[in-house]
Amino acid sequence: MSTSDPGPATARVRRQPPPFRHVEVRRVEHLSPRMVRITFAGPDLEGLRVEPAASVRLLLASPGAGGLVVPHWNGNEFLLPDGRRPILRTFTPRRGDPAALELDLEVVLHGGGVASEWASSCEPGDPAAISGPGRGYTIDAGAPAYLLAGDETAIPAISQLLGALPLGTPVQVHLEVARPDGRLTLPRHPRANVEWSDLPAGARPGDALVAAVCGADLAPGTRVWAAGEAAAVQRIRRHLFDVLGLPRSQTSVRGYWKHGRAGDADRET
Ligand SMILES: Cc1cc2nc3c(=O)[nH]c(=O)nc-3n(C[C@H](O)[C@H](O)[C@H](O)COP(=O)(O)OP(=O)(O)OC[C@H]3O[C@@H](n4cnc5c(N)ncnc54)[C@H](O)[C@@H]3O)c2cc1C
């Protein structure tokens, strides 16, 4: 063992995520040129409960693996039998149907990733596996107001939150889309004010979202839920904590993906 090898005594051990449930694609629906809804189905979905803004990990077949191979947990990460990292990406479990044993994921077709490319061409019968769900967001029904903010990857979670927030609570919603045709019809909430921003050509992902959140008027006690590109949500955090002085207990801000970096990651803060 080299001197720089921390050895087994100090190796990081993480709690094993929930086991994989085998599923197959049952339906595919294009919601916009930028978003596809994939309905997965299978008996393994028995008992899977969907909360707003939760997460699941989607396992896809790796090239050359001869089909879908379920990886093993080595105490820190999932690995395939040949030592490679599996194709594993995190999505929002958008709708579960316990009777039909179905689960919908809504995937952004951003064009540059394995999951996005798979989603753009998957067909009924294609195999996959799902691990989860991870924890969802607990709504504070007594909060005086909510601000929900995100990019396209947060549309599924924000749609769920809009459907779950008390009907009398005022809600500001700020969404950034990479292209105008990425806008979708959101569930109706009587007190919601929804503002869409287009990302200007050449701008960094999240620039329009950060500007919208920084320009928002927040009544005292407003709860903030935000998710999107990691560096952009870091700028949102700085605004909320350093400029507005919001207590962290009033906010949930998550990086959902990182510009220029592929892969699954635990990006909660
Ligand atoms: C809790 C949680 C919930 C999520 N929910 C959803 C969801 O419901 N729907 C959804 O589509 N995504 C969701 N995401 C984000 C999704 O996991 C990432 O976008 C993921 O990287 C997509 O995998 P990929 O294989 O398509 O791209 P990767 O192979 O991971 O990345 C390839 C390249 O594409 C870039 N990239 C990744 N995502 C985007 C994007 N959206 N726009 C532009 N460039 C991108 C990367 O920076 C990288 O350069 C969620 C993430 C988390 C943590």
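One-based numbering, in listed order, for ligands and for the atoms of each. Here the structure is a predicted model, which means the values were calculated and not measured.
In plain terms, the two heavy atoms of Arg94 and Pro156 that are nearest each other are CD-O, 3.6 Å.
Within 6.0 Å of atom CZ in Arg204, 12 or fewer heavy atoms from other residues, nucleotides or ligands are found, so the atom counts as exposed in its surroundings. Other residues, nucleotides and ligands contribute over 12 non-hydrogen atoms within 6.0 Å of the NE2 atom of His30. Other residues, nucleotides and ligands place more than 12 heavy atoms under 6.0 Å from the CZ atom of Arg179.
The distance criterion of under 3.5 Å between nitrogen or oxygen atoms is not met by Val107 with respect to ligand 1. Considering backbone and side-chain atoms alike, Ser116 places an N or O below 3.5 Å from some N or O of ligand 1. Residue Ala262 has no nitrogen or oxygen atom sitting less than 3.5 Å from a nitrogen or oxygen atom of ligand 1, judged on distance alone. Residue Val108 has at least one N or O atom closer than 3.5 Å to an N or O atom of ligand 1. Between Ala54 and ligand 1, a contact under 3.5 Å exists for no N or O pair. Taking only nitrogen or oxygen atoms, main chain and side chain alike, Arg34 does not reach within less than 3.5 Å of ligand 1. An N or O contact shorter than 3.5 Å is missing between Ser55 and ligand 1 by distance.
Of the options Glu106, Glu176, Glu152, a salt bridge (Lys or Arg N to Asp or Glu O under 4.0 Å) to Arg34 is made by Glu152 and by none of the others. The only option from Leu147, Leu162, Asn193 that meets the side-chain contact (heavy atoms from CB on, under 4.5 Å) definition with Val173 turns out to be Leu162.
Taking every non-hydrogen atom of Pro156 and a distance limit under 4.0 Å, the qualifying atoms of ligand 1 come out as 8 (O). Listed by number with element, the atoms of ligand 1 under 4.0 Å from a non-hydrogen atom of Arg89 are 23 (O), 24 (P), 25 (O), 28 (P), 29 (O), 30 (O). Interface atoms of ligand 1 facing His259, defined by a heavy-atom separation under 4.0 Å, are 47 (O). Atom numbering of ligand 1 starts at 1 in the shown order; those under 4.0 Å from a heavy atom of Lys258 are 46 (C), 47 (O).
Residue contacts with ligand 1, taken as heavy atom pairs separated by less than 4.0 Å, involve Tyr256 via backbone and side-chain atoms alike. Contacts with ligand 1 closer than 4.0 Å are made by backbone heavy atoms (N, CA, C, O) of Glu106 only, the side chain lying farther away. By the criterion of a heavy-atom distance under 4.0 Å, neither the backbone nor the side chain of Glu152 is placed next to ligand 1. At a heavy-atom cutoff of 4.0 Å, ligand 1 is contacted by the side chain of His110 but not by its backbone.
Both tests pass for Arg248 against the ring of Phe241: distance under 6.0 Å to the centre and angle within 45° of the axis.
Checked by atom type, the side-chain pair Ser32/Asp181 shows no donor-acceptor distance below 3.5 Å. Inspection of the His174 and Gln172 side chains reveals an N or O donor paired with an N or O acceptor under 3.5 Å.
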Q) What do the steps show when you test Ile139 against Tyr146 for side-chain contact (heavy atoms from CB on, under 4.5 Å), and what is the final call? A) CA-CA 10 Å; Ile139 287 172; Tyr146 260 90; 4.0 Å; yes

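The aromatic rings of Trp118 and Phe40 sit parallel, their planes meeting at an angle under 30°, below the 60° perpendicular limit.
Not a single heavy atom of Arg94 lies less than 4.0 angstrom from ligand 1.
Within the set Ile155, Thr153, Thr90, the minimum heavy-atom distance to atom 7 (C) of ligand 1 is found for Thr153.
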